[in-house]
*Asks:* 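One structure is given below, represented as structure tokens, and several questions about it will come after.
What you see below is based on every heavy atom in this structure, not just the backbone, and it leaves out hydrogens, waters and symmetry mates. The first residue of the sequence shown is numbered 1, and numbering continues consecutively from there.
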Amino acid sequence: MGRSGSLEDLLSVAGGALATLAYSISVSEAPCYARHDVERMSNHTAAAEVLLERKGCAGVITLNRPRFLNALNFNMVKDIYPQLKKWEQDPEIFLIIIKGAGEKAFCAGGDIREAVKLAPKKAHDFFRREYILNNAIGSFQKPYVALIHGITMGAGAGLSVHGQFRVATEKTVFAMPETAIGLFPDVGGGYFLPRLQGKLGYFLGLTGFRVKGRDVYTAGIATHFVDSEKLVMLEEDLLALKSPSEENIADILETYHTKSRIDQDKSYIFEHMDKINSWFSANTVEQIIENLQQDGSPFALEQLKVINKMSPTSLKIALRQLMAGSSKTLQEVLTMEYRLVRAFMVHHDFHEGVRAVLIDKDRSPKWKPANLKEVTDEDLNNYFKFPGSNDLKF
């Protein structure tokens, strides 16, 4: 279960998910019904990009853009957030389930390509609303269960990792590939990545490495692992609960996890954990690269090849972001990331990365600066000190 395919394959997958924005779907509130009486809170047509439903005493969010690997767009964020807050206050809603339509993806990213086309104020609003949603998930007062079946990248991480329960399957593919498009691992990546074991989060954040199957659980990204053929049954059992407690929900998840058999004896990334911890313990990107060069093993050289394709500015920002985020709260991290993303929106590499990967698709971005030596401490400080007069407000 190794790293199959090239960086270009990864970007092709992520790029396919970054689609154009569509119109908003209206939602409404209604009383809780019995298990099989479903209150549909969004228009179930071909245009419905997110389905917000009551099923029994659960609120169910379905990301409904399977053609675009359930990519998160502006209107989906605008719909999900207020409904989530209503459900949080609703005494007849006891848990939230979020999932992706289709078999390929939970959510493969956000509409970055469209964000680049938007007027600055509108683009800033997209990221502001997304980060506020990430925080709402992280502080949600009821059990939140994310079924991260299939591709889960970027924005998909923001919709899942901050919640209480994350269920992976053998088909889960998790990655944070932002440095390849001249961005950084946002949506709270500065909070959750450095809290993974050892230096795993630094490795994932800088290289965009894809973690697959049970390794998503072993890494601590998921809280449970379930065979994909049992996922529908798991959801049905959760929905069948009557006024469930957190313990009731945890018991069901643990039962399915314990009975899972797929990939039980397989691990790829953890064969390399000692080396990853050694390489990525460095305090500079230059030293990480030197560590990889000195190691010289096939795995090290593969990661070196990947890193050398990334935006030098993004790499340095990401490393500083993760180091700073390791001691910050989620809200503090999201505030930092909102400053960073606004700075990225007016600098060269983000627009160039989107052009090369998602628009022209020539896979040949011309980064500025072109190498790590030219990215100065002053440059980095300017990103992190980007005017905070419009900081994120929670």
*Asks:* With the 4.5 Å side-chain cut-off for hydrophobic clustering, are Leu319 and Phe203 part of the same group?
*Replies:* yes

*Asks:* What I'd like to find out is whether the side chain of Phe209 reaches to under 4.5 Å of the side chain of Ile269, using heavy atoms alone.
*Replies:* yes

*Asks:* Does Trp367 share a hydrophobic cluster with Val306, counting links as ILVMFWY side-chain heavy atoms below 4.5 Å and allowing steps through other members?
*Replies:* no

*Asks:* Determine the minimum heavy-atom distance between Leu315 and Val285, stating which atoms define it.
*Replies:* O-CG2, 3.6 Å

*Asks:* Is there a side-chain contact between Arg363 and Val357 (heavy atoms, below 4.5 Å)?
*Replies:*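 In short, these two side chains touch, coming nearer than 4.5 Å.
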
*Asks:* Report the residue from Asn73, Asn64, Thr62 that forms a side-chain hydrogen bond (donor to acceptor under 3.5 Å, both in side chains) with Glu49.
*Replies:* Asn73

*Asks:* Measure across Gln197 and Thr218 and return the closest heavy-atom pair with its distance rounded to 0.1 Å.
*Replies:* NE2-O, 3.1 Å

*Asks:* Could you go step by step and tell me if Phe280 and Thr207 meet the side-chain contact (heavy atoms from CB on, under 4.5 Å) rule?
*Replies:* CA-CA 11 Å; Phe280 288 84; Thr207 67; 4.1 Å; yes

*Asks:* In terms of heavy-atom contacts, does NZ of Lys385 have more than 12 from other residues, nucleotides or ligands at under 6.0 Å?
*Replies:*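 Atom NZ in Lys385 is not packed in, count stays at 12 or less.
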
*Asks:* Is the number of heavy atoms from other residues, nucleotides or ligands under 6.0 Å of Lys199 NZ greater than 12?
*Replies:* yes

*Asks:* Given 3.5 Å as the limit, does a donor-acceptor pair link the side chain of Lys55 with the main chain of Leu239, or not?
*Replies:*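 Flag not set: sc Lys55 to bb Leu239 has no pair under 3.5 Å.
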
*Asks:* Within the 4.5 Å heavy-atom criterion, are Val232 and Glu236 side-chain neighbours or not?
*Replies:* yes

*Asks:* Do the side-chain N and O atoms of Thr152 and Arg166 include a donor-acceptor pair separated by under 3.5 angstrom?
*Replies:*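 Note: Thr152 and Arg166 side chains miss the donor-acceptor criterion.
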
*Asks:* Looking at Asp391 and Arg339, is any side-chain nitrogen of the basic one under 4.0 Å from a carboxylate oxygen of the acidic one?
*Replies:*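 Yes, charged N to carboxylate O under 4.0 Å.
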
*Asks:* With a 4.5 Å heavy-atom cut-off, do His224 and Leu234 have their side chains touching?
*Replies:* no

*Asks:* Okay, side chain of Arg65, backbone of Cys107: is any donor-acceptor separation there less than 3.5 Å?
*Replies:* no

*Asks:* Under the criterion side-chain contact (heavy atoms from CB on, under 4.5 Å), I'd like the reasoning laid out for Ser260 against Lys230: C-alpha separation, chi angles, the key distance, then a yes or no.
*Replies:* CA-CA 9 Å; Ser260 67; Lys230 302 290 181 61; over 6 Å; no

*Asks:* How far does NZ of Lys366 sit from CZ of Arg355, to the nearest 0.5 angstrom?
*Replies:* 6.5 Å

*Asks:* Any donor-acceptor pair under 3.5 Å linking the side chain of Thr313 with the backbone of Ser311?
*Replies:* no

*Asks:* Quick check for you: to the nearest 0.5 Å, what is the distance between Leu372 atom CG and Asn308 atom CG?
*Replies:* 8.0 Å

*Asks:* Judged by modelled atom types alone, do Asp295 and Ser297 share a side-chain donor-acceptor pair under 3.5 Å?
*Replies:*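 Present: a donor and an acceptor within the cut-off.
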
*Asks:* Between Glu88 (side chain) and Gln141 (backbone), is there a donor-acceptor pair under 3.5 Å?
*Replies:* yes

*Asks:* If we only count heavy atoms from C-beta on, is the Ile148 to Val161 side-chain gap below 4.5 Å?
*Replies:*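 Side-chain contact under 4.5 Å: no.
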
*Asks:* Do Val60 and Glu235 make a side-chain contact, defined as non-hydrogen atoms from C-beta onward lying under 4.5 Å apart?
*Replies:*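 Heavy-atom side-chain distance check passes, below 4.5 Å.
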
*Asks:* Main chain of Met345, side chain of His351: is a donor-acceptor contact present, judged purely on distance under 3.5 Å?
*Replies:*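 At least one qualifying donor-acceptor pair exists.
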
*Asks:* Could you tell me whether a side-chain N or O of His347 sits under 3.5 Å from a main-chain N or O of Ala343, the two making a donor and an acceptor?
*Replies:*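 Flag set: sc His347 to bb Ala343 pair under 3.5 Å.
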
*Asks:* Evaluate salt bridge (Lys or Arg N to Asp or Glu O under 4.0 Å) for Arg261 paired with Glu170, printing each intermediate quantity in order.
*Replies:* CA-CA 10 Å; Arg261 293 289 178 264; Glu170 76 279 4; over 6 Å; no

*Asks:* Flag the pair His257 / Leu253 as yes when at least one side-chain heavy-atom distance between them is below 4.5 Å, and no otherwise.
*Replies:* no

*Asks:* Nearest 0.5 Å, please: how far is CZ in Arg214 from CG in Asp263?
*Replies:*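 One finds 6.5 Å between CG of Asp263 and CZ of Arg214.
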
*Asks:* Locate the shortest heavy-atom distance separating Thr329 from Glu332; write the atom from each residue and the value.
*Replies:* N-OE1, 2.9 Å

*Asks:* Using the rule that two of Ile, Leu, Val, Met, Phe, Trp, Tyr join whenever any of their side-chain heavy atoms come within less than 4.5 Å, decide whether Phe225 and Tyr256 are in one cluster.
*Replies:*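 As far as the 4.5 Å side-chain criterion goes, Tyr256 and Phe225 are not connected within one cluster.
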
*Asks:* I need the minimum non-hydrogen distance between Gly213 and Ala168, along with the two atoms involved.
*Replies:* O-CB, 4.5 Å

*Asks:* Side chain of Lys142, backbone of Trp87: donor and acceptor closer than 3.5 Å?
*Replies:*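 At least one qualifying donor-acceptor pair exists.
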
*Asks:* Are Phe386 and Leu334 grouped together when hydrophobic residues (ILVMFWY) are joined by side-chain heavy atoms under 4.5 angstrom apart?
*Replies:*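 No, Phe386 does not connect to Leu334 through the hydrophobic network.
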
*Asks:* Which label fits Phe344 and Tyr383: parallel for a plane angle under 30°, tilted from 30 to 60°, or perpendicular past 60°?
*Replies:*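 Rings of Phe344 and Tyr383: tilted, as their planes differ by 30° to 60°.
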
*Asks:* Show the nearest heavy-atom pair for residues Phe106 and Ser160, with the distance to one decimal.
*Replies:* CE2-CB, 4.0 Å

*Asks:* Run the numbers on Tyr268 and Lys212 for side-chain contact (heavy atoms from CB on, under 4.5 Å), then give the verdict.
*Replies:* CA-CA 9 Å; Tyr268 176 71; Lys212 299 181 179 181; over 6 Å; no

*Asks:* What pairs with Glu290 under side-chain hydrogen bond (donor to acceptor under 3.5 Å, both in side chains), at least two apart in sequence or on another chain?
*Replies:*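 With neighbours one apart ignored, the set is Gln294.
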
*Asks:* Would you please say whether a donor-acceptor pair under 3.5 Å links the side chains of Gln287 and Asn291?
*Replies:*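 Asn291 and Gln287 do have a side-chain donor-acceptor pair below 3.5 Å.
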
*Asks:* To the nearest 0.5 Å, what is the distance between CZ (Phe174) and CG (Asp215)?
*Replies:* 13.0 Å

*Asks:* Contact between Thr258 and Thr255 at the side-chain level, heavy atoms closer than 4.5 Å - yes or no?
*Replies:*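 They are not in contact (no side-chain heavy atoms under 4.5 Å apart), so the answer is no.
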
*Asks:* Test the Arg129-Tyr81 pair against the cation-pi criterion, namely NZ or CZ under 6.0 angstrom from the six-membered ring centroid and within 45° of the ring axis.
*Replies:* no

*Asks:* Looking at Asp125 and Arg128, is there a salt bridge between them, counting it only when a charged N and a carboxylate O are closer than 4.0 Å?
*Replies:*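 Answer for the salt bridge query: yes.
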
*Asks:* Hey, what do you get for CG (Leu204) to CD1 (Ile276), rounding to the nearest 0.5 Å?
*Replies:*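 If I round to the nearest 0.5 Å, the distance is 7.5 Å.
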
*Asks:* Can you list, pair by pair, the side-chain donor-acceptor contacts under 3.5 Å of residues 178-194, counting residues two or more places apart and other chains?
*Replies:*
unit_1: Thr179; atom_1: OG1; unit_2: Leu206; atom_2: O; d: 3.1
unit_1: Asp186; atom_1: OD2; unit_2: Tyr131; atom_2: OH; d: 2.6

*Asks:* Indicate if Ile132 and Leu159 have the same hydrophobic cluster label, given that clusters are the connected sets of ILVMFWY residues with side-chain heavy-atom separations under 4.5 angstrom.
*Replies:*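 Linked, Ile132 and Leu159 end up in one cluster.
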
*Asks:* Just by modelled atom types, is the Leu330 backbone N or O under 3.5 Å from a matching donor or acceptor in the Asn135 side chain?
*Replies:* no

*Asks:* If we ignore hydrogens and angles and just use 3.5 Å, is the side chain of Asp227 paired with the main-chain N or O of Ile262 as donor and acceptor?
*Replies:* yes

*Asks:* For Glu378, is the CD atom crowded, meaning more than 12 foreign heavy atoms sit under 6.0 Å from it?
*Replies:* no

*Asks:* Are Arg320 and Asp377 close enough, and set up right, to give a side-chain contact (heavy atoms from CB on, under 4.5 Å), and what steps lead you there?
*Replies:* CA-CA 11 Å; Arg320 183 181 288 198; Asp377 287 341; 4.3 Å; yes

*Asks:* Parallel, tilted or perpendicular: which describes the rings of His272 and Phe299, with under 30° parallel and over 60° perpendicular?
*Replies:* parallel

*Asks:* Counting N and O atoms only, with roles assigned by atom type, does the side chain of Glu246 sit under 3.5 Å from a partner on the main chain of Pro143, one being a donor and the other an acceptor?
*Replies:*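 Looks like no, no N/O pair under 3.5 Å.
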
*Asks:* Of all heavy-atom pairs between Leu200 and Ala219, which one has the smallest distance, and what is that distance?
*Replies:*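 Smallest interatomic distance, heavy atoms only, reads CD2-CB, 3.5 Å.
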
*Asks:* Check Lys368 with Glu352, please: is the shortest side-chain N to carboxylate O separation under 4.0 Å?
*Replies:* no

*Asks:* Which value, rounded to the nearest 0.5 Å, describes the distance between Phe384 atom CZ and Gln321 atom CD?
*Replies:*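 Answer rounded to 0.5 Å: 6.5 Å.
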
